[in-house]
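See structure below.
Being a predicted model, the structure only gives us computed values, none of them experimental. Order of the sequence lines fixes the chain letters, A, B, ..., with proteins taken first and strands second; residue numbering starts at 1 for each chain.
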Protein chains: 2
Amino acid sequence: MNEKDELVRKEILDEAQKLFRHFGWSKTTMEDIAKAAGKGKSTLYYYYKSKDEIFDEVLTREMDEVFRKLQEEVNKVQTAEDKMRTLCLTRFNILKEKANLYNVIRGDIEANIPRLRDLHRRYELREISLVRNILRFGLERKEFAQYAADDIDSIAFAMVCAFRGLEVGLLVENKFAALEGRMDLINDILMRGLKTKNSDLSKE
Amino acid sequence: MNEKDELVRKEILDEAQKLFRHFGWSKTTMEDIAKAAGKGKSTLYYYYKSKDEIFDEVLTREMDEVFRKLQEEVNKVQTAEDKMRTLCLTRFNILKEKANLYNVIRGDIEANIPRLRDLHRRYELREISLVRNILRFGLERKEFAQYAADDIDSIAFAMVCAFRGLEVGLLVENKFAALEGRMDLINDILMRGLKTKNSDLSKE
DNA sequence: TTTGGACCGAAAAACGATTTTGGTCTAACG
DNA sequence: CGTTAGACCAAAATCGTTTTTCGGTCCAAA
């Protein structure tokens, strides 16, 4: 596999990405992709095993881009609380421009399609990982109380689900404009909760 | 409208509920319902305007039952924190036996169907109301910090969404067994957050 | 009040024919 | 070796037509 090959593969993916983005999976044919890339259909199969594989790589590229950008934004702020806030607020904005990926993540697509299940899973793991890293960061800096170290994976998972639930709840009602405020709110409460040492809890 | 009428209406609803529960909306016909109720189809239309109306009343009954049970369970415990916990843990167990209602609530059903939109909305308002009441209760008892009184509605909404998000996240992965632990976790953090007075926050 | 039954139109389902599409394969060409 | 046109295949999708179903209306009879 040399540079020339990589170039061809990239060209195919670039064109496929545009088409998938515009027409979606079903309406984009291999013939379409071949034409757009200025190749023969046979060439597509020389470099890729199937339409599935092309789609998978396209979405993986998008996912990589999403997490690169998220990481950049998160790195711009200094506290774990701000990082978490940034993550929540930035996530939606970045994702909404990637229709196919967003649909996969939201689970709207029938979960029985193996290729989408895998993509969904991979995305989820990365997001949870990102949140976990922020939690760890906050623990190291003593920003968060030590009790949170007990089950950091579960907390990360739960938080990802919570934020996503809020996003869905607002979008169902077309209240996108309220997203920032609401995210701030739940994030604030969670942050307070994570910062509260056992010894700080009010006595009953 | 007299007692006799109410009896007939109830009988129709009882049978309809069974059928909808078993066969779902689409596969249950008015003829089916009529036969099951031992009535003529014309009788159904004498008492109800349409299939939609019957469905709506069936689901409303189920909703009433759900909230009655939830309120009972919540009333059994004494602190706002325990009430919230009970709500989270009990909700799924009660709802999972009401397939049609649960589907409406989860938003899996096409949001474009007016009758389902309304049902969904009504359920949502009631659940948020329930959470709001628990929050108020916690504020009155000084269980929760006063800052939470600033926007109690938004907090209630966000919490409902968060719990629901967690539920969805776990169910997608068939991790029903982890539901209780995870709900406890996020609830714990949220409760800590709600209990933390502004003056309790660590200084940076 | 109840309801069988006729009726209607729209939607859904069924059906058979046709087309499309992902994928395979091969040989020719540079 | 890389590229690819084009033949080919089976399965799936699409299409147009026909048939059936179903929610709802209506009416007259008991």
Distance check needed: [N] [atom2] versus [X] [atom1], whole Å only.
X: A:Glu3; N: D:dG2; atom1: CD; atom2: P; value: 15 Å
X: A:Tyr45; N: C:dT26; atom1: OH; atom2: C1'; value: 17 Å
X: A:Asp5; N: D:dG2; atom1: CG; atom2: P; value: 6 Å
X: A:Ile54; N: C:dT21; atom1: CD1; atom2: P; value: 15 Å
X: B:Glu6; N: C:dT1; atom1: CD; atom2: P; value: 14 Å
X: B:Lys51; N: D:dT21; atom1: NZ; atom2: P; value: 15 Å
X: B:Lys4; N: C:dT1; atom1: NZ; atom2: C1'; value: 8 Å
X: B:Glu53; N: D:dG24; atom1: CD; atom2: C1'; value: 13 Å

The reported gap from OG1 in A:Thr90 to CD in A:Gln71 (rounded to nearest 0.5 angstrom) is 11.5 Å

When rounded to the nearest 0.5 Å, the distance separating CD1 of A:Ile128 from CD1 of A:Ile155 is 13.0 Å

Taking only N and O in the side chain of [X], is any of them less than 4.0 Å away from OP1 or OP2 of [N]?
X: B:Thr43; N: C:dT3; result: yes
X: A:Tyr46; N: D:dT3; result: no
X: B:Tyr47; N: C:dT2; result: yes

*asked:* Which is more 5' along DNA chain C, the nucleotide nearest B:Gly40 or the one nearest A:Glu31? Just name the residue.
replied: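 Closest to the 5' end, via its nearest nucleotide, is B:Gly40.
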
Next on the checklist: Ring-plane angle category for A:Phe92 and A:Tyr102, please: parallel below 30°, perpendicular beyond 60°, tilted otherwise.
Outcome noted: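 The arrangement is perpendicular - the two ring planes meet at more than 60°.
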
field: Parallel, tilted or perpendicular: ring planes of A:Tyr123 versus A:Phe67, cut at 30 and 60 degrees
entry: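 Ring orientation of A:Tyr123 relative to A:Phe67: tilted.
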
Given [options], which nucleotide is nearest the side-chain atoms of [X]?
X: A:Thr29; options: C:dG23, C:dT21, D:dG23; result: C:dT21
X: B:Met30; options: D:dG24, C:dT3, D:dT14; result: D:dG24
X: B:Lys39; options: C:dG22, C:dT2, C:dT3; result: C:dT3

Could you check which residues of residues 18-26 of chain B get a heavy atom under 4.0 Å from DNA chain D? Sort them by number, please.
->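 Hits under 4.0 Å, by residue number: none.
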
(message) Using only modelled atom types and a 3.5 angstrom limit, is any donor from either the side chain of B:Ser42 or the base of C:dG5 paired with an acceptor on the other?
(response)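 For B:Ser42, whose side chain was compared with the base of C:dG5, there is a donor-acceptor pair (under 3.5 Å).
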
(message) Tell me whether the side-chain N or O atoms of B:Lys41 pair up with the base of D:dG24 as donor and acceptor below 3.5 Å, since no angle test is needed here.
(response)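 Counting by modelled atom types and ignoring angles, a donor-acceptor contact under 3.5 Å is found here.
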
**Message:** Quick check against the 3.5 Å criterion: does A:Asn187 have a side-chain atom that pairs as donor or acceptor with the backbone of A:Cys88?
**Reply:** no

Exercise. Indicate yes or no: does A:Asp64 engage A:Arg126 in a salt bridge with an N to O separation below 4.0 Å.
Key: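 The answer is yes: the pair qualifies as a salt bridge.
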
Quiz item: Below 4.5 Å, heavy atoms only, C-beta onward: do A:Asp184 and A:Glu180 meet side chain to side chain?
Solution: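 In short, these two side chains touch, coming nearer than 4.5 Å.
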
